[in-house]
Amino acid sequence: MPIMRPISVRGYLVLSIVILLGAFTLRIGALSQTSFDIDEVYTMRSVQKALYEEGFVDGVRYQDAHMPFYFASLLMFPTPPNDFSIRFPSVLWSMLAIAITMRIMTHIYRAPWFALFAGLLLSLHVFNIFSARFARMYEMSHAFVAVSSYLYLRYISNPQNRISNWYGTNLVTMMAYLTHVVTLVLFIGQGIIELRNYLERKTRISHIIIWGILQLVLMLPALVWAVNVFFNYKSTEVWDWIHKPTVNSVLSTLQTLVLGSSTSGTTLVLLPLYIFPFILLCVFFKHIKHAQYWFGLTLIPIVLLIVISQIKSLFVDRYFSVALFAYIIIVALTYKELLEFVVLRGERIATILVYGLIGTQIVVTILFSARMYRIDFFAGNFMKQAIAYINEHGKEGDAVWYDYGSLPQLIEHYLLTDKFNLIDDPLNARDNYLEKGNFSYDRMWILDHRNIWSETDLSNNEPLYDYRGTRVYLMEAE
């Protein structure tokens with residue numbers, strides 16, 4: 001007996017389009033409203049230098065210790081680089097990841113209802129929404145890993161079109177390796193499947209050797225670039241900001257992968273929600289086709305990075321965004337197996353409970369994403385609007401003090417630096433004012449993003465400009 005009513009092709013297409021349109025709306029809305037993150041400033045500078053100053057290789061290599069493919073793709077955008085054009089490609093890559101996730105569920109697992117379930121979860125996932133609105137390479141990496149996974153699973157599952165799937169897998173895998181180092185999860189996932197086939201005597205050892213040589217060939221362009229960066233990158237602190245993982249940071253990463261944010265206070269409450277699918281994966285491991293592959297794309301990289309980070313820390317939440325679609329597929333497949341298990345045994349109460357679990361997963365995702373979406377994107381960093389006010393009302397030679405929690409590169413991105421004097425040491429300038437009651441400029445604009453000046457008499461004055469908590473004051477010498 002079927003566990004769910006069949007859905008028509010037309011019905012599936014209509015619901016798929018609704019999900020994709022909703023996902024696009026969440027990702028494109030007010031895309032350029034919030035200010036750049038400092039990493040996005042690095043992206044913008046890399047593109048600007050590649051286009052107008054130092055050329056592609058030197059421009060990207062100087063600004064970023066990352067792979068080059070993402071930056072090369074930004075150079076093909078038809079308009080000059082701006083906040084919208086730099087972020088918009090990430091939106092498109094996110095949409096591709098969602099579509100491919102649904103495609104995997106329909107074409108590899110023949111489960112259209114759970115394809116819609118997976119597409120809905122991924123489209124509402126606030127971590128993916130954030131990544132899609134972020135001008136970095138993470139969503140391109142996510143999409144490449146998803147596409148490569150789809151083509152690879154078709155290659156090993158479908159005797160038809162094996163040649164085209166083989167070429168497609170290798171081409172996309174090579175592009176993935178040129179996008180970010182964490183796309184090596186493809187090597188782990190494919191390696192597990194190749195080893196499984198050998199142990200089950202479906203292939204010979206020579207096949208694994210050929211596969212390994214092929215992987216080295218696919219990695220070669222990325223390795224050449226990595227060596228070039230290692231010997232020429234001008235910063236000595238490329239990875240120094242990354243701390244070694246702790247138990248709390250690992251739990252935080254799991255929560256980010258599942259819910260989209262590591263907001264304190266929710267880890268223990270929602271712990272069962274994001275552990276339950278992995279428990280089900282272990283229970284139904286032998287029954288889920290290619291379960292080893294999804295295991296290799298999600299949990300194994302986390303364990304490996306924990307081990308590697310004991311020597312040199314590389315453990316960063318957003319690096320695991322490349323495996324988000326794989327986690328969503330695990331959730332969909334395990335609920336599918338659980339539902340089949342209880343339905344085929346005629347357990348009505350258990351069936352109702354499983355449907356309740358699926359509904360709870362959707363509701364919690366919606367509620368949590370709605371909350372974080374509002375906080376992150378509509379109460380976020382609006383420094384660009386405050387700086388625009390200073391640009392418009394400031395005078396030639398005015399000094400600008402900025403919140404020292406904000407890096408100068410971020411301020412310089414929006415400020416007319418040829419018109420103003422950006423204070424080099426804002427913390428010292430503030431302390432000098434508190435101690436001596438004066439400052440060294442006739443006019444000094446205060447760009448206060450985090451209420452740093454709250455203990456001074458400045459807080460008694462009304463700001464000239466206040467946009468959602470980012471305040472602008474003007475101090476004039478007496």
Side-chain angles (χ1 to χ4, degrees), residues 25-45 47-48 74 77 79-91 126 129-136 261 370-424 426-427 429-430 441 443-454 456 458-476:
T25 302
L26 289 173
R27 286 153 179 76
I28 200 70
L31 186 62
S32 59
Q33 184 175 355
T34 55
S35 305
F36 267 175
D37 180 272
I38 186 60
D39 284 348
E40 293 181 291
V41 174
Y42 289 150
T43 297
M44 175 69 85
R45 286 195 168 189
V47 173
Q48 290 173 334
L74 293 179
F77 206 81
T79 64
N82 55 63
D83 287 17
F84 181 86
S85 68
I86 290 294
R87 283 174 169 167
F88 183 67
S90 293
V91 174
V126 75
I129 296 173
F130 167 78
S131 183
R133 298 168 62 90
F134 196 56
R136 295 297 277 174
S261 173
R371 175 177 175 272
M372 296 309 302
Y373 188 89
R374 184 179 68 254
I375 292 174
D376 288 352
F377 307 128
F378 294 105
N381 184 356
F382 294 98
M383 198 170 293
K384 63 185 293 185
Q385 289 85 351
I387 295 176
Y389 179 88
I390 296 175
N391 287 337
E392 181 180 354
H393 296 88
K395 296 181 180 180
E396 191 84 26
D398 284 357
V400 176
W401 183 96
Y402 62 93
D403 175 350
Y404 53 85
S406 306
L407 296 178
Q409 296 95 325
L410 179 59
I411 309 300
E412 291 169 356
H413 176 65
Y414 296 110
L415 187 69
L416 299 176
T417 52
D418 55 345
K419 179 178 179 181
F420 300 102
N421 295 312
L422 188 61
I423 295 177
D424 294 331
L427 181 58
R430 172 181 170 274
Y441 304 92
R443 285 163 51 95
M444 183 169 70
W445 293 91
I446 307 295
L447 183 61
D448 194 11
H449 176 53
R450 298 187 302 169
N451 206 20
I452 300 298
W453 289 74
S454 59
T456 73
L458 184 67
S459 61
N460 297 323
N461 301 324
E462 288 293 325
L464 295 178
Y465 181 86
D466 187 344
Y467 190 83
R468 300 189 180 186
T470 300
R471 292 162 295 279
V472 173
Y473 301 92
L474 177 61
M475 300 175 65
E476 298 187 79

With rounding to the nearest 0.5 Å, note down the distance linking [atom1] in [X] to [atom2] in [Y].
| X | Y | atom1 | atom2 | result |
| --- | --- | --- | --- | --- |
| T417 | E412 | OG1 | CD | 6.5 Å |
| Q385 | I390 | CD | CD1 | 12.0 Å |
| D37 | R87 | CG | CZ | 8.5 Å |
| D418 | E396 | CG | CD | 7.0 Å |

Without swapping roles, check the side chain of N391 against the backbone of L415 for a donor-acceptor pair under 3.5 Å. no

Between the side chain of K419 and the main-chain N/O of G394, is any donor-acceptor distance below 3.5 Å? yes

Does a side-chain heavy-atom distance below 4.5 Å link [X] with [Y]?
| X | Y | value |
| --- | --- | --- |
| D83 | H413 | yes |
| K384 | F36 | no |
| F134 | T43 | no |

Partners meeting side-chain contact (heavy atoms from CB on, under 4.5 Å) with L464 (sequence neighbours left out): Y389, W445, L474

Qualifying residues under side-chain hydrogen bond (donor to acceptor under 3.5 Å, both in side chains), relative to S131, sequence neighbours excluded: E139

Closest non-hydrogen atoms of A135 and S90, given as atom of the first, atom of the second and distance, are CA-OG, 4.3 Å

Return the minimal non-hydrogen interatomic distance between I86 and L74, and the atom names on each side. O-CD2, 4.1 Å

Residues forming a ring-ring contact (aromatic ring centres under 6.0 Å, His included) with F88, sequence neighbours excluded: F84

